[in-house]
Amino acid sequence: MKPQRLPLPPVPAAALLLLPVALLAALLLVVYPNEFALQASLAGAAACGDHQGGGGGGGGVQAAPEFRLLIGVLTLPARYERRHLLRMVYALQQPAVASRARVDVRFVFCRVGSPEDRVLVSLEAMAYGDVVELDCPENMDNGKTHAYFSSVPRLFGGGEAAYDFVMKADDDTFFRLPELAESLSRAPRRDLYYGCMVPCDYVRGSNEYMSGMGYLLSWDLVEWIVAAAAEIEGRTGGPEDRTLYSWLRRGGRGRNRVDVKPAMYNFPGRHPCSHEFIPDTIAVHQLKDNRRWARTLQYFNFTAALKPFYPVI
Ligand SMILES: *[C@@H]1O[C@H](CO)[C@@H](O)[C@H](O)[C@H]1NC(C)=O
């Protein structure tokens with residue numbers, strides 16, 4: 001939680017000048033992620049996902065959204081290019097869902113270790129207000145998922161339900177927000193465990209859970225994860241998405257299971273959860289390189305409305 005560890009080796013003067021600003025930005029962000037996002041959007045920066053306006057002041061009549069969804073994209077500090085892509089992909093979809101849902105996209109990592117990343121990530125925090133640093137060592141399969149869900153009420157809630165649904169998503173997953181919103185508008189608001197149940201190759205088995213490509217919990221379950229800390233303690237490692245389901249099962253929670261397969265799937269190929277592109281898609285996973293992103297966005301006519309912006313040779 002306290003990011004002010006000063007680097008030991010001597011640093012250039014420019015870095016010394018930037019450091020306090022960066023540290024302040026990071027600290028503000030850790031402590032007040034909502035407020036920071038709000039300030040960023042008030043300052044005219046396009047804070048991804050804040051098109052609804054966080055404050056509700058302003059005079060313009062804004063109908064209350066049908067539901068509010070937090071999408072936490074778990075990623076690593078150094079993945080700047082991927083975040084840039086995801087910001088565009090989600091910001092461009094906001095107008096299509098703004099009338100019914102408030103969708104906030106946040107990029108989530110554990111403690112930013114490298115001094116370079118700390119400065120550069122702070123720039124993003126200042127420009128977009130959409131990154132969240134959790135108080136955990138950066139890891140995979142060692143409790144990041146638990147750190148994320150259990151931090152959400154404290155970071156965003158302020159004692160009340162800030163969102164109806166809280167999603168954990170991969171940074172190689174593309175969600176189509178209008179299709180997701182349509183599907184969620186029909187989903188239960190409580191005790192909800194929603195996503196793509198794996199394994200994909202049989203209908204109902206014993207060792208199943210929602211795939212880490214992206215799944216969501218209703219707010220009451222997120223609060224339950226905080227309240228059940230003592231029971232969950234020591235059970236936060238391992239394959240995290242399966243582990244999370246084991247807490248729900250043991251606690252008798254998540255009984256409203258919504259498995260939207262095959263609307264969520266892996267990029268077409270040989271993987272068990274792969275599927276050909278289909279028009280009713282909610283999400284495509286395993287977009288591990290730009291070629292896959294381009295093919296996927298092209299299939300869904302994502303940029304079809306764009307007029308040519310270069311002379312055809
Ligand atoms: C993309 O546009 C083409 C041409 O208009 C159309 O035939 C196709 O159904 C669209 N694809 C999707 C996924 O909407």
Side-chain angles (χ1 to χ4, degrees), residues 46 48-52 65-75 79 81-105 107 165 167-187 192 194-201 203 210-216 257-313:
C48 184
D50 282 349
H51 294 233
Q52 292 281 90
E66 241 177 80
F67 63 83
R68 299 153 303 163
L69 162 67
L70 173 67
I71 299 182
V73 180
L74 271 60
T75 183
R79 294 194 184 153
E81 186 186 341
R82 178 61 56 79
R83 279 199 294 284
H84 178 59
L85 178 61
L86 288 167
R87 269 192 195 103
M88 290 192 292
V89 155
Y90 289 126
L92 287 167
Q93 297 185 81
Q94 287 286 351
V97 293
S99 64
R100 81 183 328 174
R102 173 174 174 152
V103 181
D104 290 344
V105 179
F107 298 99
F165 308 116
M167 173 185 285
K168 174 202 160 185
D170 267 356
D171 65 5
D172 61 349
T173 303
F174 164 52
F175 272 93
R176 299 175 77 213
L177 296 188
E179 285 70 16
L180 176 64
E182 173 63 32
S183 162
L184 283 179
S185 68
R186 286 178 265 117
L192 175 69
Y194 171 109
C196 168
M197 198 70 115
V198 290
C200 289
D201 44 6
V203 179
M210 295 297 176
S211 157
M213 64 175 76
Y215 57 89
L216 61 81
R257 290 205 319 199
V258 176
D259 176 8
V260 297
K261 214 166 35 269
M264 291 173 64
Y265 51 86
N266 286 324
F267 188 82
R270 290 184 191 283
H271 190 277
C273 289
S274 288
H275 201 285
E276 291 307 310
F277 291 133
I278 47 171
D280 291 336
T281 298
I282 293 173
V284 185
H285 178 228
Q286 287 193 338
L287 304 184
K288 294 197 178 300
D289 54 41
N290 287 347
R291 190 185 63 90
R292 288 187 171 192
W293 276 95
R295 273 193 55 193
T296 304
L297 295 173
Q298 191 167 24
Y299 173 82
F300 293 108
N301 294 326
F302 204 85
T303 59
L306 186 66
K307 305 262 186 304
F309 52 87
Y310 47 81
V312 178
I313 298 167

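Ligands are counted one by one from 1 in listed order, and the atoms in each one are counted from 1 as well. Values below: every heavy atom of this structure, side chains too, minus hydrogens, waters and symmetry copies. We number each residue from 1, following the sequence as shown.
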Mind listing the side-chain donor-acceptor pairs of residues 293-306 below 3.5 Å, one per line with the distance, residues two or more places apart or on another chain?
unit_1	atom_1	unit_2	atom_2	d
W293	NE1	L287	O	2.9
T296	OG1	R292	O	2.7

side-chain hydrogen bond (donor to acceptor under 3.5 Å, both in side chains) with D171: which of K288, R83, R79?
R79
Looking only at non-hydrogen atoms, find the nearest pair between Q93 and L177 and report the distance.
OE1-N, 2.8 Å
Considering all heavy atoms, the nearest N266-Q286 contact
OD1-CG, 3.5 Å
Hey, what polar pairs (N/O, under 3.5 Å) does ligand 1 make with protein?
unit_1	atom_1	unit_2	atom_2	d
ligand 1	2 (O)	N301	OD1	3.3
ligand 1	2 (O)	N301	ND2	2.4
ligand 1	11 (N)	N301	ND2	2.9

Test: C200-C273 SG spacing under 2.5 Å:
yes
Which of parallel (below 30°), tilted (30 to 60°) and perpendicular (above 60°) describes H275 and Y265?
tilted
